[in-house]
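Step one of this worksheet: look at the structure below.
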There are 2 protein chains.
Amino acid sequence: MSETTQRILPPTEALICFNLYAASHGFIRLYAPYLERIGLTYPQFLVLLTLRGPEGEGQPQGVGELGALLGMESNTLSPLLKRMQGAGLLTRTRSEEDERRVVIALTEAGRARAEAAAEVPGCIAKDTGLSEEDYHTTLEVLRKLRGQIAGLDGKPATE
Amino acid sequence: MSETTQRILPPTEALICFNLYAASHGFIRLYAPYLERIGLTYPQFLVLLTLRGPEGEGQPQGVGELGALLGMESNTLSPLLKRMQGAGLLTRTRSEEDERRVVIALTEAGRARAEAAAEVPGCIAKDTGLSEEDYHTTLEVLRKLRGQIAGLDGKPATE
DNA sequence: GCAAATTAAATCGCGCGCGATCTTATCGCA
DNA sequence: TGCGATAAGATCGCGCGCGATTTAATTTGC
């Protein structure tokens, strides 16, 4: 691990949260030209990838399951999915056995768009020039970090 | 580095960009109760920390410098700073020597709020329970990653 | 068996992010 | 000196995130 943390830095630079924030937006900016080309926003891209599944064999999902996978709630997902339905990418159907649930399924156009979306991460990986090892290390650090903060949302605050 | 990357994962879980996205929002949710208590949004918190400086000795900054430090442009910063001015936290003054520039300076109330803001990251570090070493490793990985993607925003796209 | 509690999704309001455009000031240079 | 190019901010529109509330369906507990 390189020792690049300097003594005097802008205050935000020493914070994990700002580095996540800046890196996240930085990556989204990298994705932007590719996503614009296929007419998707970044969250829409995430939704399509999730519905597509790891090998293109994804099944329809409820709004709740989708939200759990993406870390969003219905207040974000509902309007997002409505826009995607408007774009002809997916359908929203009330579940038969539980009328509260709404099931999201890809249309043919949605499946095609999802295939195009699935090509993008490879392009980004190439653009960034990260080695296989760096990629893996970074992914592990991030997944571990997410695991560490998952579940402590119950306002620990000044206990 | 633990070997937790499974064979079959939801598609987004294998992406660095989604892990950044999810971790960033996760951290912002951790900050939320603390920031709400002092009446700040997350970007406002970043602005105050930056204006305060590493040791509380920060100097007034132009909108552009502030944006460079935070990775924002005037289309995001201008309304944000205007709201913070409305809240009495800072002043916006046209520069004398260059009438295009607008200089941002903390008010007394802003300085006080910035001191309160500076307390928060320590609380979060405690809540997350990250070891000193994990914190340092994570920070290094993120800063390295940001360095890797900095500057390749010139639409490399399918070259 | 039915009212209260719980759950799923939708809706609303507000504050970002950001592409696109506009305004105004400074700079370059013939 | 003057005028086109550049630079700094501001403005506008739209799509998220998210807290708060609402609506409707299901589960529960008596």
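Just so you know, these numbers use all the heavy atoms, side chains as well, and skip hydrogens, waters and symmetry mates. Just so it is clear: chains get the letters A, B, ... in the order the sequence lines come, proteins before strands, and each one is counted from 1.
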* Do nucleotides 11-19 of chain C as a string where each nucleotide becomes B, S or -: B if the base has a protein heavy atom under 4.0 Å, S if just the sugar-phosphate does, - if no protein is that close. => BB--SSBBB
* **All pairs passing salt bridge (charged side-chain N to carboxylate O under 4.0 Å, His left out) where residues 17-26 of chain A contributes a residue, at least two apart** => none
* Is A/Arg113 paired with A/Glu108 through a side-chain N to carboxylate O contact shorter than 4.0 Å? -> no
* To do: Could you tell me the separation between the CZ atom of B/Arg101 and the P atom of C/dC27, rounded to a whole number of Å?
  => 12 Å
* To do: Could you check how far CD of B/Gln61 sits from C1' of D/dG9, rounded to whole Å?
  => 16 Å
* To do: State, without any angle test, whether B/Asp127 and B/Tyr34 hold a side-chain donor-acceptor pair at a distance under 3.5 Å.
  => yes
* Structure fact -> Residues pairing under side chain to side chain donor-acceptor pair (under 3.5 Å) where one sits in residues 45-56 of chain B, two or more places apart or in two chains, turn out to be B/Arg52-B/Glu115
Expected list for residues 65-75 of chain A: side-chain donor-acceptor pairs under 3.5 angstrom, two or more places apart:
from    : atom 1 : to       : atom 2 : distance (Å)
A/Glu65 : OE1    : A/Arg101 : NH1    : 3.3
A/Glu65 : OE2    : A/Arg101 : NH1    : 3.2
A/Glu65 : OE2    : A/Arg101 : NH2    : 3.3

* Would a distance-only check, ignoring hydrogens and angles, find a side-chain to backbone donor-acceptor pair under 3.5 Å from A/Gln44 to A/Thr41? -> yes
* To do: For the residue pair B/Arg143 and A/Asn19, confirm or rule out a side-chain donor-acceptor distance under 3.5 Å.
  => no
* Please list, chain by chain and in numerical order, all residues satisfying salt bridge (Lys or Arg N to Asp or Glu O under 4.0 Å) with A/Arg100, sequence neighbours excluded. => A/Asp98
* Asked: What one-letter contact string describes nucleotides 22-27 of chain D from 5' to 3', where B marks a base within less than 4.0 Å of any protein heavy atom, S marks contact via sugar-phosphate atoms alone, and - marks no contact?
  -> ---BS-
